[in-house]
**Student:** 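Just dropping this structure here.
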Amino acid sequence: MPRLSEVIAALESLWPAERAESWDAVGTVVGDPDQEVTRVLFAVDPVQDIVDEAVKLGADLLVTHHPLYLRGTTTVAATHFKGRAVHTLIKNDIALHVAHTNADTADPGVSDALAGALDLRVMRPLVPDPTDPAGRRGLGRVCELDHPVTVRELAERAAERLPATAQGIRVAGDPEAVVRTVAVSGGSGDSLFDQVRAAGVDAFLTADLRHHPASEAVAHGPLALLDAAHWATEWPWCELAAAQLDEISDRHGWDLRVHVSKTVTDPWTAHAASTTSSS
């Protein structure tokens, strides 16, 4: 039965903290290095529903993609929802570890998991990590499809394969345009349009696309945009990460029980489709 320090060392080998962006907050937030770990839960968000799920599951370690405290704080008082999460974790001897931008650029990372969920063949990073001589790490991925599909068909595939959310998949561009190559980036991706255009792909699937960047991207050329919910584009990483820890556990004989939360923590809970007025 491993100690937390051993499991964290294994996680850090997958997603070294030094590869996170300078503004990010990754690593262990809560936890005693000497505590024993038998059960691990992976999730996207360290919100109270997920913390309560970890308690109910009997987990010793919660690993999330999003940080609990991305900016500094002066209090963990339980009067605040983040402080309440910290109190719940500590009272139940549950450690919290975060892998965020260091998991985004990993090989394999968040966008590899997203591509895998859509049966896309990864060719290269969209934004290569200059410190990786192999050219495999980096932000986003440039992918190929096994056979051409329309934008509409690709959107339908994404809606079917990614976890269901109120948003679903929004599309910009000609729904009947043919797609052979796709750039994908889990999470917010509208800062990457220059790199997407340079990649020469037919479509870009990401999340959190804003009006002006999306409008300018469509006006710039025939690029199709597929905008999914932020949480949905990052959730496949939880399954990938859990499988990676399972493999490490088997190799070391740890016999960890590794779980992936299926709780939907996307903040949007309903969607009302627009209707065309007959007047």
Side-chain angles (χ1 to χ4, degrees), residues 5-29 40 42 44 63-67 70 97-146 180-208 217 223 226 228 230 233-252 258 260:
S5 59
E6 296 175 281
V7 179
I8 295 302
L11 298 181
E12 289 283 356
S13 72
L14 297 173
W15 318 297
E18 61 268 21
R19 291 185 187 151
E21 295 290 338
S22 59
W23 51 263
D24 204 0
V26 301
T28 304
V29 181
V40 182
F42 282 86
V44 175
V63 181
T64 65
H65 182 51
H66 289 154
L70 187 55
H97 186 81
V98 173
H100 192 211
T101 53
N102 48 334
D104 286 333
T105 58
D107 171 36
V110 170
S111 292
D112 293 289
L114 175 57
L118 301 177
D119 284 339
L120 304 176
R121 183 169 58 253
V122 172
M123 297 190 292
R124 62 183 185 276
L126 178 63
V127 186
D129 180 346
T131 69
D132 177 21
R136 296 180 60 87
R137 293 198 309 267
L139 190 61
R141 295 294 184 266
V142 177
C143 309
E144 287 182 329
L145 289 102
D146 288 335
R180 295 178 177 83
T181 55
V182 187
V184 301
S185 183
S188 304
D190 64 16
S191 65
L192 302 174
F193 279 129
D194 287 345
Q195 292 87 347
V196 170
R197 281 191 288 267
V201 294
D202 302 312
F204 180 34
L205 190 152
T206 187
D208 294 344
L223 177 70
L226 292 87
H230 189 120
T233 63
E234 294 180 330
W235 184 85
W237 172 80
C238 295
E239 291 195 321
L240 168 64
Q244 290 177 287
L245 182 57
D246 263 331
E247 189 277 328
I248 292 171
S249 173
D250 290 344
R251 188 171 359 118
H252 290 286
V258 183
V260 174

**Student:** What do the steps show when you test Thr64 against Val44 for side-chain contact (heavy atoms from CB on, under 4.5 Å), and what is the final call?
**Tutor:** CA-CA 5 Å; Thr64 65; Val44 175; over 6 Å; no
**Student:** Can you name the nearest heavy-atom pair linking Leu145 to Thr181, along with the distance?
**Tutor:** CD1-N, 4.1 Å
**Student:** Just to verify, what does Arg124 make a salt bridge (Lys or Arg N to Asp or Glu O under 4.0 Å) with, not counting sequence neighbours?
**Tutor:** none
**Student:** If we only count heavy atoms from C-beta on, is the Leu240 to Pro108 side-chain gap below 4.5 Å?
**Tutor:** yes
**Student:** Compare all side-chain heavy atoms of Leu120 with those of Glu144 and state whether any distance is below 4.5 angstrom.
**Tutor:** no
**Student:** Got a sec, which residues hit side-chain hydrogen bond (donor to acceptor under 3.5 Å, both in side chains) with His66, two or more places apart in sequence or on another chain?
**Tutor:** Asp45, His230, Glu234
**Student:** Once salt bridge (Lys or Arg N to Asp or Glu O under 4.0 Å) is applied, what residue pairs with a partner in residues 16-27 remain, sequence neighbours excluded?
**Tutor:** none
**Student:** How far does OG1 of Thr28 sit from NE2 of His97, to the nearest 0.5 angstrom?
**Tutor:** 5.0 Å
**Student:** If we only count heavy atoms from C-beta on, is the Leu14 to Ile248 side-chain gap below 4.5 Å?
**Tutor:** yes
**Student:** Compare every heavy atom of Arg197 with every heavy atom of Asp194, then report the nearest pair and how far apart it is.
**Tutor:** OD1-NH2, 2.9 Å
**Student:** Could you check whether any side-chain heavy atom of Arg121 comes within less than 4.5 Å of a side-chain heavy atom of Cys143, counting everything from C-beta outward?
**Tutor:** no
**Student:** Suppose we screen for ring-ring contact (aromatic ring centres under 6.0 Å, His included). Which residues come up paired with Trp237, at least two apart in sequence or across chains?
**Tutor:** Trp15, His65
**Student:** Would you name the heavy atoms of Leu70 and Ala25 that are closest together and state the gap between them?
**Tutor:** CD1-N, 3.9 Å
**Student:** With sequence neighbours left out, which residue pairs that include part of residues 127-138 fulfil the salt bridge (Lys or Arg N to Asp or Glu O under 4.0 Å) condition?
**Tutor:** Asp107-Arg136, Asp129-Arg137, Asp132-Arg137
**Student:** In chain order, what residues pass the side-chain hydrogen bond (donor to acceptor under 3.5 Å, both in side chains) check against Arg180, with sequence neighbours excluded?
**Tutor:** none
**Student:** Answer yes or no: is there a donor N or O on one side and an acceptor on the other, between the side chain of Asn102 and the main chain of Ala99, under 3.5 Å?
**Tutor:** no
**Student:** Would you say Leu223 and Val201 make side-chain contact, with heavy atoms under 4.5 Å?
**Tutor:** yes
**Student:** Kindly indicate whether the side chain of Thr206, heavy atoms from C-beta on, has any atom under 4.5 Å from the side chain of Thr233.
**Tutor:** no
**Student:** Identify the two heavy atoms, one from Gly186 and one from Ser111, that lie closest to each other, and give their separation to 0.1 Å.
**Tutor:** N-OG, 3.2 Å
**Student:** With a 4.5 Å limit on heavy-atom distance, are the side chains of Val182 and Phe204 in contact?
**Tutor:** no
**Student:** Taking all atoms of both residues into account, what is the closest heavy-atom pair of Gly109 and Arg141, and its distance?
**Tutor:** N-NH2, 4.3 Å
**Student:** Starting at CG of Leu139, measure out to OG1 of Thr101 and round the result to the nearest 0.5 Å.
**Tutor:** 9.0 Å
**Student:** Taking the side chain as every heavy atom from C-beta outward, state whether Leu205 and Leu114 have any pair of such atoms under 4.5 Å apart.
**Tutor:** yes
**Student:** Nearest heavy-atom pair of Ala228 and Ala207: which atoms, and what distance?
**Tutor:** O-CB, 3.2 Å
